[in-house]
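Okay, structure first, notes after.
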Amino acid sequence: MYYGEEALSSVYLWDVETGFAAAILIKKSVENGDSWDSINVMEVSEKLGRPSRYKLTTTVLTCLQQSEEEGSEMGISGCLTRQKEEDLPSDSGHTMNIGQMVEAMENNIRQQMEGVYFGKTKDVMNEVRCLTSNAASRQKQRSAVMMGGGFGAELSGALARRKPLQ
């Protein structure tokens with residue numbers, strides 16, 4: 001996953017009893033207020049002669065803003081946390097394993113958010129817009145009936161035939 005030049009990232013490392021832990025923090029914001037913040041905490045347990053155990057906990061926080069032509073705005077924010085554990089050989093170092101796990105986890109979370117959260121929100125918003133436009137259409141029809149035919153026509157005719165009071 002590529003965040004671009006605008007993204008900020010920080011990595012913190014500390015020792016734990018069985019190895020070390022790392023926090024990988026990524027923040028990506030754009031001008032319209034949209035943002036992606038990810039917090040990745042990795043615990044690595046090292047054992048001589050055995051693959052290292054990697055435990056990753058990732059939380060992604062997103063915020064999306066959208067402005068409509070009519071001047072209305074909509075914002076959606078959410079967060080998703082996932083965990084994964086893997087035993088991987090660390091002969092070539094831990095950097096490659098940690099980087100691949102973090103990238104795979106964030107791609108997985110992004111796909112889940114796009115498909116489930118944002119997809120469902122889009123469906124709901126489209127339904128609300130449809131209901132709103134249907135309600136406005138029904139109101140226009142009622143107004144047309146009231147003014148153009150039936151009772152509206154009778155009322156207009158009666159008012160036209162009315163003689164002013166003297």
Side-chain angles (χ1 to χ4, degrees), residues 1-140:
M1 178 170 244
Y2 177 69
Y3 299 96
E5 294 177 6
E6 306 85 30
L8 300 174
S9 62
S10 296
V11 177
Y12 301 92
L13 300 166
W14 62 96
D15 292 324
V16 295
E17 281 185 36
T18 59
F20 68 95
I24 300 108
L25 312 171
I26 301 167
K27 179 167 190 64
K28 169 81 184 238
S29 296
V30 291
E31 290 178 18
N32 68 349
D34 294 354
S35 66
W36 170 280
D37 297 298
S38 65
I39 303 164
N40 301 277
V41 178
M42 175 75 75
E43 185 176 340
V44 180
S45 299
E46 302 172 305
K47 296 178 185 173
L48 289 174
R50 297 170 116 180
S52 295
R53 180 138 192 97
Y54 295 85
K55 181 179 179 182
L56 174 63
T57 303
T58 298
T59 300
V60 172
L61 301 101
T62 59
C63 179
L64 300 174
Q65 304 292 325
Q66 183 175 359
S67 297
E68 298 291 326
E69 300 90 34
E70 304 88 41
S72 63
E73 291 184 15
M74 181 187 83
I76 180 172
S77 299
C79 71
L80 190 59
T81 300
R82 295 288 182 259
Q83 285 188 323
K84 183 176 186 177
E85 291 187 41
E86 277 190 69
D87 292 326
L88 299 169
S90 56
D91 302 335
S92 59
H94 297 290
T95 305
M96 181 78 74
N97 293 339
I98 292 171
Q100 289 175 346
M101 283 185 70
V102 167
E103 185 174 13
M105 180 69 83
E106 289 198 15
N107 277 328
N108 183 314
I109 288 175
R110 181 184 52 80
Q111 289 171 352
Q112 288 179 354
M113 286 183 158
E114 282 178 354
V116 176
Y117 296 102
F118 299 134
K120 187 63 176 171
T121 300
K122 183 179 176 184
D123 291 346
V124 169
M125 291 306 295
N126 286 338
E127 185 65 27
V128 167
R129 286 184 182 132
C130 182
L131 291 174
T132 302
S133 69
N134 284 345
S137 179
R138 284 193 301 272
Q139 180 63 33
K140 285 180 184 175

(request) Output all residues satisfying salt bridge (charged side-chain N to carboxylate O under 4.0 Å, His left out) with Lys55, sequence neighbours left out; order by chain, then residue number. (result) none

(request) Working to the nearest 0.5 Å, report the span between CG of Leu8 and CG of Asp37. (result) 9.5 Å

(message) If I compare all heavy atoms of Met105 with all of Gln83, which pair ends up nearest, and what's the gap?
(response) CE-C, 3.8 Å

(request) Name all residues meeting the side-chain contact (heavy atoms from CB on, under 4.5 Å) criterion together with Ser9; count only those two or more places apart in sequence or in a different chain, and write none if there are none. (result) Ile26

(request) Decide yes or no for Tyr54 and Lys84: does some side-chain heavy atom of the first lie under 4.5 Å from some side-chain heavy atom of the second? (result) no

Identify every side-chain donor-acceptor pair in residues 39-48 under 3.5 Å, counting partners at least two apart or on other chains, and give the distances.
from  : atom 1 : to     : atom 2 : distance (Å)
Asn40 : OD1    : Thr58  : OG1    : 2.7
Asn40 : ND2    : Ile24  : O      : 3.2
Asn40 : ND2    : Glu106 : OE2    : 2.8
Ser45 : OG     : Thr18  : OG1    : 3.1
Glu46 : OE2    : His94  : NE2    : 2.7

(request) Hey, could you give me each pair passing salt bridge (Lys or Arg N to Asp or Glu O under 4.0 Å) that has a residue in residues 89-98? Not counting sequence neighbours. (result) none

(message) Which heavy atom of Val60 sits nearest to which heavy atom of Met113, and what is that distance?
(response) O-CE, 3.6 Å

(request) Taking all non-hydrogen atoms of both residues into account, name the closest pair between Asn97 and Gly93 and its distance. (result) ND2-O, 3.9 Å

(message) Once side-chain contact (heavy atoms from CB on, under 4.5 Å) is applied, do any residues pair with Ala21, and if so which ones, sequence neighbours excluded?
(response) Trp14, Val16

(message) Restricting to salt bridge (charged side-chain N to carboxylate O under 4.0 Å, His left out), what partner residues turn up for Glu85, sequence neighbours left out?
(response) Arg53

(request) Measure the shortest side-chain to side-chain distance between Leu88 and Met101 over non-hydrogen atoms and say whether it is less than 4.5 angstrom. (result) yes

(request) Please name the pair of heavy atoms, one in Ser52 and one in Ser90, separated by the smallest distance, quoted to 0.1 Å. (result) OG-OG, 3.1 Å

(message) Let me confirm one number: the CG-CZ distance from Asp15 to Phe20, rounded to the nearest 0.5 Å.
(response) 9.5 Å

(request) Among Thr59, Leu61, Thr62, Ile109, find the one that has a side chain to side chain contact (heavy atoms under 4.5 Å, CB included) with Leu80. (result) Ile109

(message) Within the structure provided, determine whether Asn108 and Arg82 are in side-chain contact (heavy-atom separation under 4.5 Å).
(response) no

